[in-house]
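Working notes, structure below.
For the single chain, residues carry numbers from 1 onward in sequence order. All values below come from the heavy atoms of this structure, side chains included, with hydrogens, waters and symmetry mates left out.
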Amino acid sequence: MNAKVHELLNQQINKELYSAYLYLDFSNYFKAKGLDGFANWYMIQAQEERDHAMLFYTYLQNEGQAVTLDAIAKPDKVLDSDMTVLKAGLEHEQYVTSLINDIYAAAYEVKDFRTMQFLDWFVKEQGEEETNANDMITKMELFGSDPRSLYMLNQELGARVYSAPSLVL
């Protein structure tokens with residue numbers, strides 16, 4: 001495996017674990033506000049991000065590549081309103097999309113087709129993640145100022161259940 005591709009894949013493990021930390025922080029914010037549905041939604045996001053990290057970890061191991069684990073940074077977002085949290089979530093998903101795109105570009109440059117195929121799932125997943133984050137912002141803009149509507153939105157988000165990724169390595 002190309003050294004740059006290997007390094008970027010290894011760094012992505014840390015980035016995905018940071019994402020899990022960030023979403024745990026978001027979940028904690030909403031739990032403290034009594035919005036258990038929002039807290040549930042972000043708790044599941046955290047679980048997904050941990051699984052994403054493990055997919056990168058397993059891929060590198062399956063390719064016979066060393067995995068180096070680095071310290072995970074503390075989330076640094078200032079969470080001062082519900083909308084700030086939701087917008088930070090979208091911003092973060094856009095950042096992760098850029099990271100996946102960078103790895104894909106590096107793999108493409110060296111014709112690492114196996115890594116490109118592995119990343120195809122993540123490219124699709126990031127499209128879904130950005131759509132979900134945008135949808136949450138739209139719903140909050142539409143319903144967040146009305147207590148009854150916020151209650152219904154909270155109930156909707158609370159119904160989300162965890163589903164492990166179906167990517168086969």
Side-chain angles (χ1 to χ4, degrees), residues 1-31 38-79 83-138 157 160-169:
M1 180 179 285
N2 172 273
K4 180 179 179 184
V5 172
H6 174 243
E7 179 184 351
L8 291 171
L9 288 166
N10 197 90
Q11 288 173 358
Q12 193 62 29
I13 296 168
N14 184 272
K15 301 296 186 185
E16 298 290 341
L17 291 171
Y18 172 81
S19 296
Y21 268 32
L22 181 65
Y23 290 140
L24 283 175
D25 200 29
F26 290 5
S27 180
N28 189 48
Y29 167 86
F30 284 115
K31 185 76 170 175
F38 283 83
N40 174 67
W41 201 89
Y42 280 111
M43 181 63 72
I44 291 171
Q45 280 299 108
Q47 290 172 310
E48 283 188 4
E49 301 304 339
R50 286 191 308 263
D51 280 351
H52 295 171
M54 292 309 299
L55 289 170
F56 281 98
Y57 178 89
T58 302
Y59 178 74
L60 283 174
Q61 286 190 329
N62 287 348
E63 293 297 308
Q65 300 297 310
V67 173
T68 304
L69 301 176
D70 293 319
I72 302 166
K74 179 181 177 182
D76 61 352
K77 300 289 183 191
V78 176
L79 309 178
M83 189 58 82
T84 299
V85 176
L86 299 181
K87 287 183 177 181
L90 174 58
E91 177 184 296
H92 185 72
E93 288 302 338
Q94 291 168 334
Y95 169 67
V96 172
T97 297
S98 75
L99 295 172
I100 299 296
N101 290 344
D102 289 347
I103 303 169
Y104 202 101
Y108 179 81
E109 187 176 311
V110 296
K111 298 183 180 179
D112 183 347
F113 301 113
R114 186 176 299 139
T115 297
M116 289 164 54
Q117 184 179 29
F118 167 70
L119 292 171
D120 283 342
W121 183 87
F122 288 95
V123 170
K124 180 178 179 278
E125 175 72 6
Q126 282 310 119
E128 292 172 10
E129 296 289 9
E130 287 188 32
T131 296
N132 289 338
N134 263 317
D135 288 350
M136 287 183 69
I137 290 168
T138 299
L157 296 175
R160 182 181 186 200
V161 295
Y162 179 68
S163 177
S166 59
L167 176 65
V168 177
L169 297 178

Subject >> Derivation of the side-chain contact (heavy atoms from CB on, under 4.5 Å) call for Gln117 and Phe113 >> reply: CA-CA 6 Å; Gln117 184 179 29; Phe113 301 113; over 6 Å; no
Original post:
Does the pair Leu69 and Ile13 meet the rule for a side-chain contact (heavy atoms from CB on, under 4.5 Å), with working shown?
Top reply: CA-CA 8 Å; Leu69 301 176; Ile13 296 168; 4.2 Å; yes
Quick check for you: to the nearest 0.5 Å, what is the distance between [X] atom [atom1] and [Y] atom [atom2]?
| X | Y | atom1 | atom2 | result |
| --- | --- | --- | --- | --- |
| Leu17 | Met54 | CG | CE | 8.5 Å |
| Leu119 | Leu8 | CG | CG | 10.0 Å |
| Thr138 | Leu86 | OG1 | CG | 10.0 Å |
| Tyr18 | Tyr21 | OH | OH | 11.5 Å |
| Met116 | Asp112 | CE | CG | 8.0 Å |

Given side chains that start at C-beta, do those of [X] and [Y] come closer than 4.5 Å, heavy atoms only?
| X | Y | answer |
| --- | --- | --- |
| Met1 | Leu60 | yes |
| Lys77 | Asp25 | no |
| Trp121 | Leu55 | yes |
| Ile103 | Phe122 | no |

Subject >> Partner set under side chain to side chain donor-acceptor pair (under 3.5 Å) for Glu109, not counting sequence neighbours >> reply: none
Taking all atoms of both residues into account, what is the closest heavy-atom pair of [X] and [Y], and its distance?
| X | Y | value |
| --- | --- | --- |
| Thr115 | Ala107 | CG2-CB, 4.0 Å |
| Asn10 | Val67 | OD1-CA, 3.2 Å |
| Glu93 | Tyr23 | OE2-OH, 2.5 Å |
| Ile100 | Gln126 | CG1-CG, 4.2 Å |
| Asn14 | Ala71 | ND2-O, 2.8 Å |
| Ala39 | Ser27 | O-OG, 2.8 Å |

Original post:
Do side-chain atoms of His6 reach the backbone of Ala66 as a donor and acceptor pair under 3.5 angstrom?
Top reply: yes
**OP:** Without swapping roles, check the side chain of Asn40 against the backbone of Leu157 for a donor-acceptor pair under 3.5 Å.
**Re:** yes
Original post:
Do the side-chain N and O atoms of Gln12 and Glu16 include a donor-acceptor pair separated by under 3.5 angstrom?
Top reply: yes
Subject >> Any side-chain donor near an acceptor of the partner, Glu91 and Tyr95, under 3.5 Å >> reply: no
Original post:
Is the Tyr42 ring parallel, tilted or perpendicular to the Phe30 ring (thresholds 30°, 60°)?
Top reply: parallel
Original post:
Parallel, tilted or perpendicular: which fits the ring planes of Phe118 and Phe56, with parallel below 30° and perpendicular above 60°?
Top reply: perpendicular
Subject >> Pair listing, salt bridge (charged side-chain N to carboxylate O under 4.0 Å, His left out) test, anchored in residues 115-125, at least two apart >> reply: Lys124-Glu128
Original post:
For residues 61-73, which residue pairs qualify under salt bridge (charged side-chain N to carboxylate O under 4.0 Å, His left out), counting only residues two or more places apart or in two chains?
Top reply: Glu63-Arg114
**OP:** Determine, step by step, whether Leu90 and Met136 satisfy the side-chain contact (heavy atoms from CB on, under 4.5 Å) criterion, reporting the C-alpha distance in whole Å, the side-chain angles of both residues, the deciding distance to 0.1 Å, and the verdict.
**Re:** CA-CA 9 Å; Leu90 174 58; Met136 287 183 69; over 6 Å; no
Subject >> With Gln45, the side-chain hydrogen bond (donor to acceptor under 3.5 Å, both in side chains) member among Arg160, Arg50, His92 >> reply: Arg160
**OP:** Give the intermediate values and the outcome of side-chain contact (heavy atoms from CB on, under 4.5 Å) for residues Ile137 and Lys87.
**Re:** CA-CA 7 Å; Ile137 290 168; Lys87 287 183 177 181; 3.9 Å; yes
